[in-house]
There are 2 protein chains.
Amino acid sequence: MAKNVQRKATSFDVARLAGVSRSAVSRAFTPGANIAPETKEKVTKAALELGYRVNSLARGLQKDHSGLVGLVASRLDTPLRSRQVRQLSEALIREGLKPMLITAESPDEVGSLIESLLGYSVAGMIFTSDTPPRALIEDCGRLGLPVVLVNRAGASNWGDRVVADNAQAGQLAARILVDSGAKCLGCLVPRKKTYSVSGRAEAFLGAAAERGLSTEILYTQDQGYADARLGINETDRAVFDRIDGLFCSTDLMALGALDALRIDLGIAVPDQIQVLGFDDIEQASWGSFNLSTIRQDVDAQTKTVVRLLRERIADSSLTNRVERQPLNAVLRGTTRHDG
Amino acid sequence: MAKNVQRKATSFDVARLAGVSRSAVSRAFTPGANIAPETKEKVTKAALELGYRVNSLARGLQKDHSGLVGLVASRLDTPLRSRQVRQLSEALIREGLKPMLITAESPDEVGSLIESLLGYSVAGMIFTSDTPPRALIEDCGRLGLPVVLVNRAGASNWGDRVVADNAQAGQLAARILVDSGAKCLGCLVPRKKTYSVSGRAEAFLGAAAERGLSTEILYTQDQGYADARLGINETDRAVFDRIDGLFCSTDLMALGALDALRIDLGIAVPDQIQVLGFDDIEQASWGSFNLSTIRQDVDAQTKTVVRLLRERIADSSLTNRVERQPLNAVLRGTTRHDG
DNA sequence: TTGAAAGCGCTAACAT
DNA sequence: ATGTTAGCGCTTTCAA
């Protein structure tokens, strides 16, 4: 089946067929270059005939970047993350950039991978990962390489950040539960800490304390549905007699908690305990859950990320910026709200 | 913040510092090259000192490929697809390849994107997308570029394929429902056809017919949860008095159907109607659903895809191959099975 | 507006 | 085992 394997046409071939120089070919494929319309047309025609495509590797070798962008993500198989990556990928492509996807869970893995990205003269990097080693981000800074961090702590002195407003989130969560009558609040958090998840939980606990409410912290191993379901089941049952409102660090955990509460423990939601999540993943709106939550607007987030990246590619002398994303409550059936 | 922007070190710089030639540097970074251990060590040391990294663009220009692999996927924010992409991405990285992620829904978009991938001298392409235009795959064939199609029709005469066995899936689904007592079978399919989804449905309907069972086809607009829930709600209610077993083309649709049946229509599952899905996405096992389904083994699928790709990168004269993946029933709570 | 010529950073023959 | 030399395919001064 490997018959007829064609060698790729080069700008040289096109130049010869069109009867022009290689420079002319290059100009024909460079937007805004100084070239006569008829020359451009001749070139375009010849290129089409030969099936010519600019070799991005060679071009990238010449220019300051290759048009590739490193997109680093962990937990890609998770609802929120996959939505973020899909949108980021599409947005980058729309900007004429190409995402190189790096999926890795541990800092070590991520480290060596990013290392290798640098060899591709990427135009920038986007981290949605929980764990970009800060040393690497500093490497990027040293190279003047644009970096955008999504929902990550500003670990180093380099990189723009787009973050959900954790303080606001915690406040909002507490207010929602209190307004709908909760008197004793629980907060479900994973033992493995993460910038956004831990930040939210702390803000929530703080807000509850300010209002003079008593609080309980319930733990799960990690951030998955199963972790949360197990975590609830392993929590001392007496806790559920005390609390009447539960804020979960993520929707995924909230769904696990919900199933544990209703199915495993036979506790009525929202009558006995109200449950509030965070993120507004698609599953939160599904009929079986109908979860009240606080939405992260992924569309807006994506737009901001790409804008920051684009701006910094254009002008690397910018100072580091941080953009806080607005949050909206989405009240469904796991909280009470009739007043 | 853009102070101290360093120029990247080149092999020339390393060569000079190490007191060797550029070839020596090249060899030091080429696994299995002919180089004396002590020379290699000198080079490695100098490279470390200068923060040198091989420029993959320049290397790719010289070799026959850049180490990049095109990973084309649609509906990335869907549970099965995100799992596939995560695993493929990780597996590629483990092979020393780097995935370029192309997410696009329409054939037109995909077309121009793949077009641009070709300019990066990719080592191969993997399509999980529903819609890779066949003309493009033929372009790849003309270039001798390895292509692996996942759950796609063999549209052209180029490309290896990894597919779930649709015929077996349909048979298995019918048998499961019949064995657990169903007499009249329904099949939920999206109007927008897709190779794997339509294939399964047809096989199922065929298998039911062979057993002399009457069947109903229920339609949804597309493959999402919401489409399925809506589709069920818009179906003539009389249908649900007739059927007592429903096979859904995908788990996502099954979950939408389940919520529609139980919550919107008040139909008992599995008592009145049994429901069977396909894929075994994570959500199928969640407590609220506990969906019986037929599993696609994504791990095995990924291994096969990467093996085929690797083999063909090594030897492009291979004939086109197709690997059928085994399927396993996962019986949970939406089917009866007490005999 | 166009072409000639000089690289971008690397690898692979070839010669030593 | 090592160095020399000649490209890979492109863009970009510089002259014309």
Side-chain angles (χ1 to χ4, degrees), chain A residues 6-44 46-47 50-68 96 116-123 143, chain B residues 6-44 46-47 50-68 96 116-123 143:
Chain A
Q6 298 176 348
R7 217 183 48 75
K8 280 191 275 191
T10 73
S11 70
F12 188 80
D13 303 320
V14 177
R16 197 177 34 195
L17 180 60
V20 298
S21 73
R22 282 153 74 233
S23 324
V25 178
S26 173
R27 290 184 184 110
F29 286 96
T30 304
N34 237 338
I35 187 173
E38 56 266 31
T39 311
K40 183 163 182 171
E41 176 144 354
K42 275 193 297 186
V43 172
T44 314
L50 296 174
Y52 169 79
R53 287 177 260 272
V54 177
N55 182 323
S56 306
L57 261 31
R59 173 178 274 181
L61 200 52
Q62 199 72 3
K63 309 253 234 199
D64 61 334
H65 74 253
S66 59
L68 295 165
S116 70
L117 278 198
L118 266 20
Y120 284 93
S121 303
V122 291
L143 267 49
Chain B
Q6 298 177 349
R7 217 184 48 74
K8 279 192 278 190
T10 73
S11 71
F12 186 81
D13 303 319
V14 177
R16 197 179 34 196
L17 179 60
V20 298
S21 74
R22 283 156 77 234
S23 326
V25 177
S26 174
R27 290 194 258 260
F29 286 96
T30 304
N34 237 338
I35 188 174
E38 57 264 32
T39 311
K40 183 163 180 169
E41 175 145 356
K42 274 194 298 186
V43 172
T44 314
L50 296 174
Y52 169 78
R53 288 177 258 272
V54 177
N55 182 325
S56 306
L57 262 31
R59 174 180 273 181
L61 200 53
Q62 197 71 2
K63 309 255 232 196
D64 61 334
H65 74 253
S66 59
L68 261 22
S116 70
L117 277 198
L118 266 21
Y120 284 94
S121 302
V122 292
L143 266 47

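Every chain is numbered from 1, with letters handed out A, B, ... down the list of sequences.
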Closest-nucleotide mapping onto DNA chain C: is B:Val54 or A:Glu38 further toward the 5' terminus? I mean the 5' end. A:Glu38
Which pair of heavy atoms, one from A:Val14 and one from A:Ala47, lies closest together, and at what distance? CG1-N, 3.9 Å
Taking only residues two or more places apart in sequence, or in another chain, which ones meet A:Ser56 in a side chain to side chain contact (heavy atoms under 4.5 Å, CB included)? B:Tyr120
All pairs passing salt bridge (charged side-chain N to carboxylate O under 4.0 Å, His left out) where residues 54-67 of chain B contributes a residue, at least two apart: none
Which salt bridge (charged side-chain N to carboxylate O under 4.0 Å, His left out) pairs, counting each pair once, include a residue from residues 13-25 of chain A, with sequence neighbours left out? A:Arg7-A:Asp13, A:Asp13-A:Arg16
Nearest-0.5 Å distance that lies between atom NE2 in B:His65 and atom CG in A:Leu57: 11.0 Å
First and last nucleotide of DNA chain D, 5' to 3', lying under 4.0 Å from heavy atoms of chain B: D:dA1 to D:dG9
Starting from the first five and the last five pairs of the helix from C:dT1-D:dA16 to C:dT16-D:dA1, work out the angle between the resulting helix axes, to 10 degrees. 30°
Who are the side chain to side chain contact (heavy atoms under 4.5 Å, CB included) partners of A:Ser21, not counting sequence neighbours? A:Ser23, A:Ala24
Just to be sure I understand the rule, does A:Asn55 reach a base, reach only the sugar-phosphate, or reach nothing, if contact means heavy atoms closer than 4.0 Å? sugar-phosphate
Side chain to side chain contact (heavy atoms under 4.5 Å, CB included) filter on B:Lys8, not counting sequence neighbours, yields A:Ser121, A:Leu143
Candidate list A:Val20, A:Thr44, A:Thr10, test side-chain contact (heavy atoms from CB on, under 4.5 Å), partner A:Val25, passing option: A:Val20
According to side chain to side chain contact (heavy atoms under 4.5 Å, CB included), who are the partners of A:Leu17, at least two apart in sequence or on a separate chain? A:Ala46, A:Glu49, A:Leu50
Output a table of donor-acceptor pairs, distance under 3.5 Å, between side-chain atoms of residues 26-39 of chain B and any protein atom two or more places apart or on a different chain; print 'none' if there are none.
unit_1  : atom_1 : unit_2  : atom_2 : d
B:Thr30 : OG1    : B:Ser26 : O      : 2.8

For DNA chain C, the residues among residues 20-31 of chain A that have a non-hydrogen atom under 4.0 Å from it: A:Val20, A:Ser21, A:Ser23, A:Ala24, A:Arg27
Touch check for A:Lys63, heavy atoms < 4.0 angstrom, all strands: base, sugar-phosphate only, or nothing? sugar-phosphate
Footprint ends on DNA chain C, 5' to 3', for atoms under 4.0 angstrom from a heavy atom of chain A, come out as C:dT1 to C:dG9
